[in-house]
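Structure record follows, encoded as structure tokens.
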Amino acid sequence: MTGKGFDLEGIRERLVKRQELIDHYKEQGKNLDKNLEQQLKQELQQEHQGVLLLEAQKEKDDRQEIVKLRSELEQQQQDLLKIKQLNYQRMAVKMAPPMTVLRNAILAFVVGGLICVIGQVMFALFQQGGLVEKEASTATSATLVFFGALFTGLGLYDELGKFAGAGSIIPITGFANSMVAPALEFKREGFVYGVGARLFTIAGPVITYGTVVSIFIGLIYYFTK
Amino acid sequence: MVLKKLGKQTLQFNSMPSIKSWASVVGPMEGQGPLAEYFDVIWDNTLGSEKTWEKAEQKLMQYSMELALEKAALLPTDLDFYLAGDLLNQIITANFTAGSLGIPFFGLFGACSTLAEGLALAGILIDGGYAAKVGVSASSHHDTAERQFRFPTEFGVQRPMTAQWTVTGCGSFVVENKSNGFKITQATIGKVVDMGTMNANDMGTAMAPAAFDTIQTHLQDTGRKIDDYDLIITGDLGLLGNNILKELLKKQGMDTGNVSDCGILIYSPEQDTHSGGSGCGCSAVVLAGYLLEQMRKGLYKRIFLVGTGALLSPTSTFQGNSIPCIAHGVVLEYS
Amino acid sequence: MEDLIKAFLVGGALCLIGQLLMDLTPFNITPGHILVGYVTGGAILSALGLYQPLVEWGGAGATVPLSGFGHSLAQGAIESVKSKGLLGALGGGLEATSVGIAAAVVFGLVVATFFNPKG
């Protein structure tokens, strides 16, 4: 402790006592009295500084015990802060504007469904045009990707996304949007680090994890068939 | 030497540094808002005549500072210091503007508290006798900020109801050491307050406790009451943050009839910004355009401007850390 | 016509689930998480044989959402293992989805080249 010499046993004792106090307030969900909180904070700060200095003076091999004590002190500082934080968050949540869950859900359902209907129409047209089922499905995906990209470029897809939410994110048009939007935005950083790299900001993880999972599936199938 | 300080955190400017002139340049969205008539220049698009939004923001800052200088019949060389900041990484807007104006420069980062921080520091420089004239600017730009802190603008995501809309605009001020009417009499320097919130789309909840802390400390330090002010205006808590702040003040038995917020004033509800405006530029253009004009008209004699900054970094939020917040207050008086 | 209604219902339901995941879970789920989750989730369901019935019933309603992309990846890998053995596990998924990915890259690049962001 500052200017008072070190008394590790004393620090440990106070640590335990303080923890009891903190746990008590935590359970009650009450804030500490301002003066008490200030006093605890000050105490912790003093002890932390003292322990830090002691740690600096010790040889490397003798530090273990003191490092443990230091991290316990740091944990307690966090615990003390947490009481106030949690109480505040509990109060703030009550003030938050109501989420428009129902409206969002309906819009997501309708818009997502409609995009799939458009896909179904395309699919039927491609089949009529002579493509077999798989080809028609691929052609549908590619066409939807094209329109997703185009509407992003025209600045319309984000307007749709604003109210459709997941309804315009989850269809493959949303995948196209997730590629084009960052690429467009960072175009001014050039075609390599701007457009080229940013195309894969969100598509990158999608393709990465999709590929990895498909490989696992292939392997599992190979060894279990 | 006697400290010119009240209590723990409040500075008293005895020589009454004063705001000599000001100017604001804003984007189209702000130009459609209720304060449109108070802005000096309204751009009809967010790029101006530049190729990138970042350059556009730099021009916003430079033009507003030059306009403020011109109104005071000054040139950049007449300023002793320039205090400026913005939201972008390494405060590039302020750096380039200071470079092109060629004034000795302090770069500030305080997120939305930048303007209040700048005015407080200008007060310190002048009251300390280190400067006769100081320029202060704070800018933000919706499109540069969104992609840095959240998502690319063309990305089809929903903005939650708690989200605020970053203001495109810059307000600049010339502060001088002659008492002229718009006096900066006190400043309360805030502490970082972190209530552990992590939602980058809800700054109001994160910042309200910081504003509360600064207001409470200020009243303690000065021995004033909340109704000694004609207006206590935060910049910018938005609707939700404003409600929370009022709730916190009421719990202390204070009357909150004169508590308002720049983020609420700048847009009308029809503009669908959800919780209101935000960004360094918000309080700067509201003060430069609207508030000072209202003071001149005699509507307000003494206001307390509390700049509230969410010191958010995309890196730290991605790593799951909370949002540290700060609020600085300056007392402006007109006579 | 019946196909269209089925596509609407299945596609809508898949999107609805995603929306509820974003709105009602305490975690901060971004569109990126949703897309990755749907692709991997779709692939796993497909491997378990649960996605194919959905495709047969809902048509584009099941193939257009990104879980359908996961389905193609998984089926591609399985088919490829059948015909090529172990090596097929590596390439099969990407082979089956190569047209879609190539289309996304090309269209993405073209659009990003010719358009500018509106803000």
Side-chain angles (χ1 to χ4, degrees), chain A residues 99 101 104-105 108-117 119-121 123-124 137-138 140-142 144-146 149-150 152-155 165-167 169-172 174-176 178-180 183-185 187 195 199 202-203 205-207 209-211 213-215 217-222 225, chain C residues 3-4 7-16 18-20 22-24 31-32 34-36 38-40 43-44 47 59-61 63-66 69-70 73-74 76-78 80-81 85-86 88-90 92-94 99-101 103-105 107-109 111-118:
Chain A
M99 293 258 297
V101 175
N104 284 359
F109 185 86
V110 172
V111 174
L114 284 178
I115 293 175
C116 293
V117 167
Q120 188 70 36
V121 172
F123 178 76
S137 179
T138 308
T140 304
S141 297
L144 284 172
V145 164
F146 170 75
L150 181 67
T152 305
L154 292 170
I169 292 168
I170 290 171
I172 198 156
F175 180 65
S178 80
M179 291 184 79
V180 177
L184 264 185
E185 187 103 7
K187 187 178 170 180
V195 176
L199 271 175
I202 291 169
V206 170
I207 293 173
Y209 293 110
T211 305
V213 169
S214 83
I215 291 171
I217 289 169
L219 288 176
I220 291 169
Y221 184 79
Y222 179 81
K225 68 173 174 190
Chain C
D3 283 351
L4 297 186
F8 180 77
L9 291 177
V10 172
L14 283 169
C15 294
L16 174 70
Q19 185 69 41
L20 294 179
M22 288 202 288
D23 280 357
L24 296 183
I34 286 284
L35 289 177
V36 171
Y38 264 63
V39 167
T40 50
I44 291 167
T63 54
V64 169
L66 224 59
F69 185 63
L73 280 166
I78 290 172
S80 192
V81 167
L86 194 52
L90 274 180
L94 283 178
V99 174
I101 295 174
V105 170
F107 295 145
L109 183 60
V111 169
T113 307
F114 288 105
F115 288 88
N116 282 314
K118 307 276 181 297

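Note: hydrogens, waters and symmetry copies are ignored here, and every other heavy atom, side chains too, is used. Below, read A as the first sequence line, B as the second, and so on, with proteins coming before strands; counting in each chain starts at 1.
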Minimal non-hydrogen separation, [X] against [Y], with atom names:
{"X": "C:V81", "Y": "A:G218", "result": "CG2-O, 3.5 Å"}
{"X": "C:A89", "Y": "A:L219", "result": "CB-N, 3.7 Å"}
{"X": "A:A142", "Y": "C:A103", "result": "CB-CB, 3.9 Å"}
{"X": "A:V180", "Y": "C:G108", "result": "CG2-CA, 3.6 Å"}
{"X": "A:I170", "Y": "C:L14", "result": "CD1-O, 3.9 Å"}
{"X": "A:S214", "Y": "C:A77", "result": "O-CB, 3.2 Å"}

To the closest 0.5 Å, what do you measure between [atom1] ([X]) and [atom2] ([Y])?
{"X": "C:L4", "Y": "A:F123", "atom1": "CG", "atom2": "CZ", "result": "12.0 Å"}
{"X": "C:Y38", "Y": "A:I172", "atom1": "OH", "atom2": "CD1", "result": "14.5 Å"}
{"X": "C:K118", "Y": "A:L154", "atom1": "NZ", "atom2": "CG", "result": "6.5 Å"}

Below 4.5 Å, heavy-atom pairs only: which of [options] has the largest tally toward chain C?
{"options": "A:I202, A:V101, A:I115", "value": "A:V101"}
{"options": "A:T152, A:V110, A:L114, A:N104", "value": "A:N104"}
{"options": "A:G210, A:G155, A:G174, A:S141", "value": "A:G210"}
{"options": "A:T211, A:I215, A:I220, A:V145", "value": "A:I215"}
{"options": "A:G153, A:G112, A:A108", "value": "A:G153"}
{"options": "A:Y221, A:F175, A:Y209, A:F109", "value": "A:F109"}

**Request:** Answer yes or no: is there a side-chain heavy-atom contact under 4.5 Å between C:P31 and A:S178?
**Result:**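 C:P31 vs A:S178: side chains apart.
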**Message:** With a 4.5 Å cut-off on side-chain heavy atoms, are C:L109 and A:V195 touching?
**Reply:**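 Yes; the side chains approach each other to less than 4.5 Å.
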Could you tell me which of [options] has the largest number of non-hydrogen atom pairs under 4.5 Å with chain A?
{"options": "C:T63, C:L86, C:L20", "result": "C:L86"}
{"options": "C:I78, C:V39, C:V99", "result": "C:I78"}
{"options": "C:L24, C:N116, C:V10", "result": "C:N116"}
{"options": "C:S80, C:C15, C:G85", "result": "C:C15"}
{"options": "C:P65, C:G59, C:G100", "result": "C:P65"}
{"options": "C:L9, C:L16, C:L73", "result": "C:L73"}

**Request:** Verify, without hydrogens or angle tests, whether C:Q19 (side chain) and A:A105 (backbone) share a donor-acceptor contact under 3.5 angstrom.
**Result:**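 Not at all, since once roles are kept as given, no pair shorter than 3.5 Å links the two residues.
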**A:K187 (side chain) donor-acceptor with C:F115 (main chain) under 3.5 angstrom** =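 Between the backbone of C:F115 and the side chain of A:K187 there is a qualifying donor-acceptor contact (under 3.5 Å).
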Between [X] and chain A, with a heavy-atom cut-off of 4.5 Å, which part of the residue counts as in contact: side chain, backbone, both or neither?
{"X": "C:I44", "value": "both"}
{"X": "C:V105", "value": "both"}
{"X": "C:T113", "value": "both"}

For [X], is it the side chain, the backbone, both or neither that has a heavy atom under 4.5 Å from a heavy atom of chain C?
{"X": "A:I169", "answer": "both"}
{"X": "A:V121", "answer": "both"}
{"X": "A:V213", "answer": "side chain"}
{"X": "A:I207", "answer": "side chain"}

